Amino acid sequence: MNNGDILMGVNLSKKYSNLEVVKDVSLNVKEGEFVSLVGKSGCGKTTLLSLLSGLEKPTKGQVTLNSKDITGATEEELALFRREYVGFIFQSFNLIPTLSAWENVALPLFPIKMSNDQRRKRAIELLEQMEMGPRIEHLPAALSGGEKQRVAIARALANHPKIVFADEPTGNLDSATGDAIMAILSELHKKQGMTMLMVTHEPELAKTADRVIRMQDGEVMK
Amino acid sequence: MNYIYIWKEIRHHRHRTLVNVLGIAVGIALFVSINAVSDAYQKAISLPFKNIGADIVVQRAEKRSLDAAQAPASMRGIRLPFSNQILSSQDMEKLKTISGIDAMATSLLLWEFEKGGFKTIMGVDLTAPSLGPIKVKDWLAQGRFPAKTGEAVLEKHFAKFHKVKLKDTIMIGGHSFNVVGLLEIKEGSQVASANIYLPLADAQSLLAGTTGNINTVYLHMKNPAQIDEIKRQISKTLSGITVTSSDSFLELMGGMSQISSQFSLVVSLVALAGAFFLIIKTMIGNLVERSREIGILKAVGWTNSDVQKQLMGETFLQSVMGGVAGIAAGYLISYLLGYLSIPVSTPWELNLTPAFAKDAATAVKTIRLPVSFSAGLMAAALVLSLFAGGLASYFMGRRMSKMKPVDILRRL
Ligand SMILES: Nc1ncnc2c1ncn2[C@@H]1O[C@H](COP(=O)(O)OP(=O)(O)OP(=O)(O)O)[C@@H](O)[C@H]1O
Ligand SMILES: [Mg+2]
């Protein structure tokens with residue numbers, strides 16, 4: 001069963017009341033692989049990502065992440081699981097407006113037993129990696145879109161995740177800034193061997209990935 | 001728990017914090033001031049008796065006296081007040097048989113009618129210095145208290161009105177007395193407020209043809225809780241007697257004073273519950289506004305109990321601030337109300353001046369509300385504000401646990 005696959009989704013379905021948004025999807029991601037998921041708006045990409053990342057439970061099917069079957073996990077178990085293995089990057093950044101850049105990066109570390117100095121050290125290290133060193137004390141409102149997304153990427157990495165899920169990470173950015181963010185993600189994959197599953201609807205961006213998976217009407221195209 | 005985040009949330013959402021803190025503060029301030037003022041009323045009413053150290057006063061009123069509200073034109077010289085007829089030695093013997101009485105003092109109250117008006121004369125028992133009208137001894141403004149026969153102390157305002165000074169002599173019932181002292185009656189002491197104070201024996205000798213008479217008895221109880229029981233016993237043992245206590249003032253007063261302390265506690269708790277209800281509603285409203293934030297926390301791996309701790313930290317801080325502000329405001333309100341004077345009407349039997357006297361104001365004395373700051377009330381208020389915080393976190397926690405992290409994925 002374990003042939004280098006870090007993420008396995010088997011016969012996944014998701015229904016919202018009567019509407020089946022994800023239909024019997026099976027999908028594997030290998031460790032160190034960069035996979036992109038493309039498809040028209042509304043075809044179920046975000047829903048599939050939420051099932052695979054343990055944000056939401058499938059109506060049917062099974063998810064195994066890092067050799068752990070998370071299908072039957074409770075909400076609290078899923079939270080702990082995400083804390084340990086998963087990083088998220090969102091289209092709309094989702095930073096906490098009251099917290100500074102470094103505190104946002106340290107957010108996943110707050111519930112973990114460690115000193116504030118350690119949290120701060122880890123956050124600053126990541127922000128410097130994102131070339132955000134001079135902005136560690138800034139609030140999100142004082143940052144540009146591209147800078148916000150850099151903070152969000154740093155946050156996704158704070159807990160040393162096994163896999164990073166990104167849902168249209170450049171969707172809210174102009175093309176130049178988007179390209180810069182894509183370059184960061186691509187480098188993360190190439191240099192650090194980060195496993196990534198990225199949702200996008202831009203075929204150009206999808207090409208950066210090792211493998212492109214296409215979705216249509218809730219199904220994965222062969 | 002993360003103090004940085006708690007503090008930043010509190011500080012950053014100043015409006016939100018202010019509304020919550022103010023809400024708790026208003027509730028707590030109401031609670032504190034209602035209870036403090038109600039306590040003060042109870043205290044104000046007990047003041048007249050407390051000031052003379054007595055629990056019960058015993059008198060014998062003239063039977064037909066209740067309708068004698070006009071001055072008989074023929075009245076001249078020394079006479080007994082209608083409400084204070086002589087208590088016989090048999091009366092005194094019977095009183096002594098009643099158990100539960102700790103101390104007993106007597107006095108003789110006299111009126112002297114002259115052409116232009118009247119004087120009230122109190123003969124005080126110098127042998128019981130902590131009970132009855134002898135307590136006025138503590139309020140000397142000038143001079144000293146009578147030590148031997150032929151000496152008198154005058155109430156300051158009376159002395160001034162009649163232009164009598166220290167060391168002057170004054171005629172009472174045809175006898176001359178040396179003025180050895182002037183005193184000022186303490187607020188709320190109308191039960192002891194006469195114009196002239198004499199040693200008991202001197203007062204007794206003013207009543208022509210009799211000796212050793214007294215017409216008022218002051219009792220101090222071993223156990224104040226027994227007052228009602230002993231009052232009942234006295235009325236049963238001695239017929240035709242008037243027995244009064246602090247309650248007699250209470251019965252005369254309306255408004256706040258009739259509200260028992262239990263009732264005001266209930267009222268203040270209801271006010272508090274109303275304020276808390278609104279605050280909890282607002283806090284839950286705030287939480288719903290923050291559902292995206294909660295979703296982010298959960299997405300990055302915060303469990304429900306991690307989020308709950310954060311919310312509890314925030315509400316705890318706000319309820320402490322609200323509690324402290326509320327206690328301060330409550331005491332400020334009570335303190336300001338302490339400048340108000342409340343009218344305390346004196347029961348007829350205890351009013352030392354003739355009921356027909358023009359000087360009607362003497363029957364209704366005002367007392368400044370004796371507001372005090374009790375540690376118990378303060379502690380209760382603080383506990384209640386923390387309880388509000390706990391209640392709010394409980395309901396917020398229930399609401400928060402229903403918020404799904406996945407919802408943030410579809411928000412822009
Ligand atoms: N909570 C929900 N209740 C009902 N329907 C939902 C819910 N969430 C998503 N849907 C529906 O599921 C379908 C797929 O949504 P999803 O967000 O996965 O699409 P997507 O491929 O990510 O689209 P986009 O590219 O626009 O982000 C849509 O038709 C959407 O309306
Ligand atoms: Mg989507």
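As the structure is a computational prediction, the values presented were derived from the model and not from experiment. Hydrogens, waters and symmetry mates are skipped; everything else that's a heavy atom, side chains included, is used. Protein chains get the first letters and strands the later ones, always in sequence-line order, with residue 1 at the start of each.
Heavy atoms closer than 4.5 Å to chain A are found in both the backbone and the side chain of Asn304(B). Only the side chain of Asp167(A) comes within less than 4.5 Å of a heavy atom of chain B; its backbone N, CA, C and O stay farther away.
No more than 12 heavy atoms of other residues, nucleotides or ligands sit less than 6.0 Å from atom NZ of Lys50(B). Other residues, nucleotides and ligands contribute over 12 non-hydrogen atoms within 6.0 Å of the CZ atom of Arg120(A). Atom NZ of Lys162(A) has 12 or fewer heavy atoms from other residues, nucleotides or ligands within 6.0 Å.
Inter-residue side-chain proximity for His12(B) and Leu139(A) is flagged as met; some heavy-atom pair is nearer than 4.5 Å.
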Would you sort out whether Ile96(A) and Leu297(B) count as a side chain to side chain contact (heavy atoms under 4.5 Å, CB included), showing the intermediate values? CA-CA 9 Å; Ile96(A) 306 282; Leu297(B) 296 178; 4.3 Å; yes

Run the side chain to side chain contact (heavy atoms under 4.5 Å, CB included) check on Ile296(B) and Arg155(A) step by step: do they pass? CA-CA 11 Å; Ile296(B) 297 169; Arg155(A) 180 180 65 190; 3.5 Å; yes

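Taking 4.5 Å as the heavy-atom cut-off, none of the residues of residues 14-23 of chain B approach chain A. Residues of residues 36-55 of chain A that come within less than 4.5 angstrom of chain B, heavy atom to heavy atom, are Thr46(A), Thr47(A), Leu49(A), Ser50(A), Leu55(A) in numerical order. Residues of residues 70-85 of chain A lying within less than 4.5 angstrom of chain B, judged on heavy atoms, are Glu75(A), Glu76(A), Ala79(A), Leu80(A), Arg82(A), Arg83(A) in numerical order. Residues of residues 14-26 of chain A lying under 4.5 angstrom from chain B, judged on non-hydrogen atoms, are Tyr16(A) by number.
Across every non-hydrogen atom of Thr98(A) and Lys8(B), the tightest pair is O-CD, 3.5 Å.
Taken to the nearest 0.5 Å, the CD1 atom of Ile4(B) stands 4.0 Å off from the CG atom of Asn116(A). Rounding to the nearest 0.5 Å places CZ of Phe88(A) at 8.0 Å from CD1 of Ile408(B). Atom CH2 of Trp302(B) sits about 6.5 Å away from atom CZ of Phe110(A), to the nearest 0.5 Å.
Between chain B and the residues Asn159(A), Leu99(A), Leu95(A), Val86(A), the largest count of heavy-atom pairs under 4.5 Å involves Leu99(A).
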